[in-house]
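The chains referred to below are lettered A, B, ... by the order of the sequence lines, with proteins before strands, and numbering in each begins at 1.
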2 protein chains.
Amino acid sequence: MSKSTKVTIQDVARLAGVGVGTVSRVLNGHPNVSADAEASVRRAIEESGYRPVAAAQTLRSRRSNIIGFITDEIATSPHAGQIMRGAQETAWKGGKILFLVNTQWDPELERSAVETMIDRQVDGLIYATMFHRAATPPQAIRQIPSVLLDCFVEDASLASVVPNEADGGYQATTYLIEHGHRRIGYINHVEDIPAQRLRLQGYRSALEAHGIPFDAELVVERYSEPKGGYDGMMTLLNLPNPPSAVFCFNDRSAMGAYDAIRQRGLRIPQDIAVIGFDNQELIAANLYPGLTTMQLPHYEMGIWAVEYLLSELDAVGKDEAAAERSPPQVLLKCPLVVRDSV
Amino acid sequence: MSKSTKVTIQDVARLAGVGVGTVSRVLNGHPNVSADAEASVRRAIEESGYRPVAAAQTLRSRRSNIIGFITDEIATSPHAGQIMRGAQETAWKGGKILFLVNTQWDPELERSAVETMIDRQVDGLIYATMFHRAATPPQAIRQIPSVLLDCFVEDASLASVVPNEADGGYQATTYLIEHGHRRIGYINHVEDIPAQRLRLQGYRSALEAHGIPFDAELVVERYSEPKGGYDGMMTLLNLPNPPSAVFCFNDRSAMGAYDAIRQRGLRIPQDIAVIGFDNQELIAANLYPGLTTMQLPHYEMGIWAVEYLLSELDAVGKDEAAAERSPPQVLLKCPLVVRDSV
DNA sequence: TCAAATCATGGAATCGATTCCAATTGGAAT
DNA sequence: ATTCCAATTGGAATCGATTCCATGATTTGA
């Protein structure tokens, strides 16, 4: 229990009456240690309050037990927090700790962040973006095990995990159909990003799967904020034959759609059903009536990314061929969150 | 530029035709290096693509250039992100990198997180909470320079930075008074937390400072969510002499207050002015009319915390007496964010 | 001009772990 | 009884930097 001077592995060895090699073997769970030796080493560790110095371990073993987490933007939404929570919890369970760097969209900073991580001999690297998109991470990232989170490279040469947007769009639309709706509007985003394209694709395949003809009139494109949602909804309501339900690109635009519907004196969900996307608690749970929406699997992506890295790490050495397999491109499901708007 | 084998300081020394000591001195900006020597070392570093191995530096110098960041909850709100962004950016500028651990309110995990940080010889530690409160961080935190963020210990024995809630309440109330309101309601939170007590205190001193008598009838306590805000607002509106303006404990309760006001057929801000607290963009910017509110200085607290640690770090050794000064207890101002609700 | 102080330098010692190697021990096999 | 092999073990070498120390070169001051 003496805290005054730093206890080293030498001290433990002396106290246990064994060599430092033996202590190290116990510490790392290596084979060929007698039960006796192990017991006395453990006792000595306990008594002395010994804690290994991480830097020394890293220096010699070339493994730091650190996972680097690089992200373009950290502060925009609770989404970022969910990713980091998933990643951090999983890392901790695996005995690893997270290094965090936020690059604020600065490619130079990104490069330098990756290099810093490598200097510190991180075991693996997560490169996360705050919305689903194609990305071009620094080349250096390929020197070590790494994984893209909420983004991907076009040639699929790096492991990647992203939400299954198409399935999300499909599920949302199907849910509306199952509630008897046949005429379903879609207020899409305007920019060409994966979510924009893929959710629409999901919407269309859901219609098709249920034998409902696609009507281009029912799809409007607006910036996905309350104003856009309001405006898009108004456009749909002004149709000669307006929809009885609307799928909104995200919760923020659904917020605007709510306003438009209210302003027309219509009720949700009796007159118009609404479904959103993102499950931004702050909005979806607080709207009245509560917004039914699709949840993005941020927490799960964080978990997956770290688990993937961990599995890569202990594959190293064991199965050299593994390095040659093509990197997984994983889609994670977006669960439906039912509230009262459908 | 050879990348094949790891370049060490020995290689650089050989290449530059100097000793390793000289290389190290150049690297660390130590004095007593001739211009010639420095130039050739720099050239050798450039040519060889040398990058120091962090673990070796840490082992010998006992400084890791890492700052530990421990937090109870990471994912609730954009607030967490703001703190981390401020901390991370400032750390990066100071040549440090952030270790992140999220303890999910688990005291055992907290202990173990602090120990892990110490094992890794972090230069300093930030202990952050996701709302302003009294905290009891693990004892071990006192072994190294550390700072509490958005929390404090009762005896002020650890440095701490928190929002100036009382001033925030004062500013908010004053802003309403300056807009001609004399009868101002306050929908407070119900639980006894610093924000609850201090914002009320600020409200009262603002009234007093402007010669408006305090009327207990105008202060109601509700849970600070939309439902509570709605309910509290209704209570105020039902008063024989209802207020012309209302200060809400936070933006979420303001959201509910909006609903109540609308439901009564009253207009914001013409009939009732509303001011919130927190500046949760997702709510405040998206409500109609935009909610005027007080912003919590999360980003700034993150910056302050790291800057404090950095200054502590280079005070070490220079001025031994500094360690004995009583740790600062800093209050950071909450700026007013003007939108259209007043 | 000479002593003293200052500057510049190379290289050994050091940080604290892991890993490797040679040596010892104790059975099992012949 | 002797040989062989596997299990255990202690301790030296190693990882790659910083730091310290002894030494030689240069300046400064009188």
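Under the salt bridge (charged side-chain N to carboxylate O under 4.0 Å, His left out) criterion, B/R120 pairs with no residue, sequence neighbours left out. With sequence neighbours left out, the salt bridge (charged side-chain N to carboxylate O under 4.0 Å, His left out) criterion links B/E89 to B/R85. Residues satisfying the side-chain contact (heavy atoms from CB on, under 4.5 Å) test with B/P52, not counting sequence neighbours, are B/L27, B/Y50, B/Q57. In this structure, the salt bridge (charged side-chain N to carboxylate O under 4.0 Å, His left out) partners of A/D119, at least two apart in sequence or on a different chain, are B/R51. Evaluation of the side-chain contact (heavy atoms from CB on, under 4.5 Å) rule for A/S24 yields A/I9, A/N28 as partners, not counting sequence neighbours. Residues meeting the salt bridge (charged side-chain N to carboxylate O under 4.0 Å, His left out) test with B/E38, sequence neighbours left out: B/R42.
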List the atom pairs, donor and acceptor, that lie under 3.5 Å between side-chain atoms in residues 149-160 of chain B and the rest of the protein, sequence neighbours left out.
unit_1, atom_1, unit_2, atom_2, d
B/D155, OD1, B/S157, N, 3.0
B/D155, OD1, B/S157, OG, 2.7
B/D155, OD2, B/S157, OG, 3.3
B/S157, OG, B/R142, NH1, 3.0
B/S157, OG, B/R142, NH2, 3.4
B/S160, OG, B/C151, O, 3.0

N/O donor-acceptor pairs under 3.5 Å from side chains in residues 10-20 of chain B, not counting sequence neighbours:
unit_1, atom_1, unit_2, atom_2, d
B/D11, OD1, B/R14, NH1, 3.4
B/D11, OD2, B/T8, N, 2.8

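When side chains are defined from C-beta on, B/Q104 does not count as touching B/D72, because their heavy atoms never get closer than 4.5 Å.
Here the options are B/F69, B/W92, B/F99, the test is ring-ring contact (aromatic ring centres under 6.0 Å, His included), and the partner is A/F99; only B/F99 passes.
Of the residues in residues 92-99 of chain A, not one comes within less than 4.0 Å of DNA chain C through any heavy atom.
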Identify all pairs in which a protein N or O lies below 3.5 Å from an N or O of nucleotides 23-25 of chain D, and state each distance.
none

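Between A/K96 and A/D123 there is a salt bridge, since a side-chain N of the basic residue sits under 4.0 Å from a carboxylate O of the acidic one. Taking 4.0 Å as the cut-off between side-chain N and carboxylate O, A/R43 and A/E46 do not count as a salt-bridged pair.
One end of the helix from C/dT1-D/dA30 to C/dT30-D/dA1 points its axis 30° away from the other end's axis, with each axis taken from 5 pairs and the angle rounded to 10°.
A/A54 comes within contact range of no nucleotide atom at all, as no heavy-atom separation falls under 4.0 Å.
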Quick one, give me the B/S/- string for nucleotides 10-22 of chain D, reading 5' to 3', where B means a protein heavy atom under 4.0 Å from the base and S means that only happens at the primed atoms, P, OP1 or OP2. BBBBBBBBBBB--

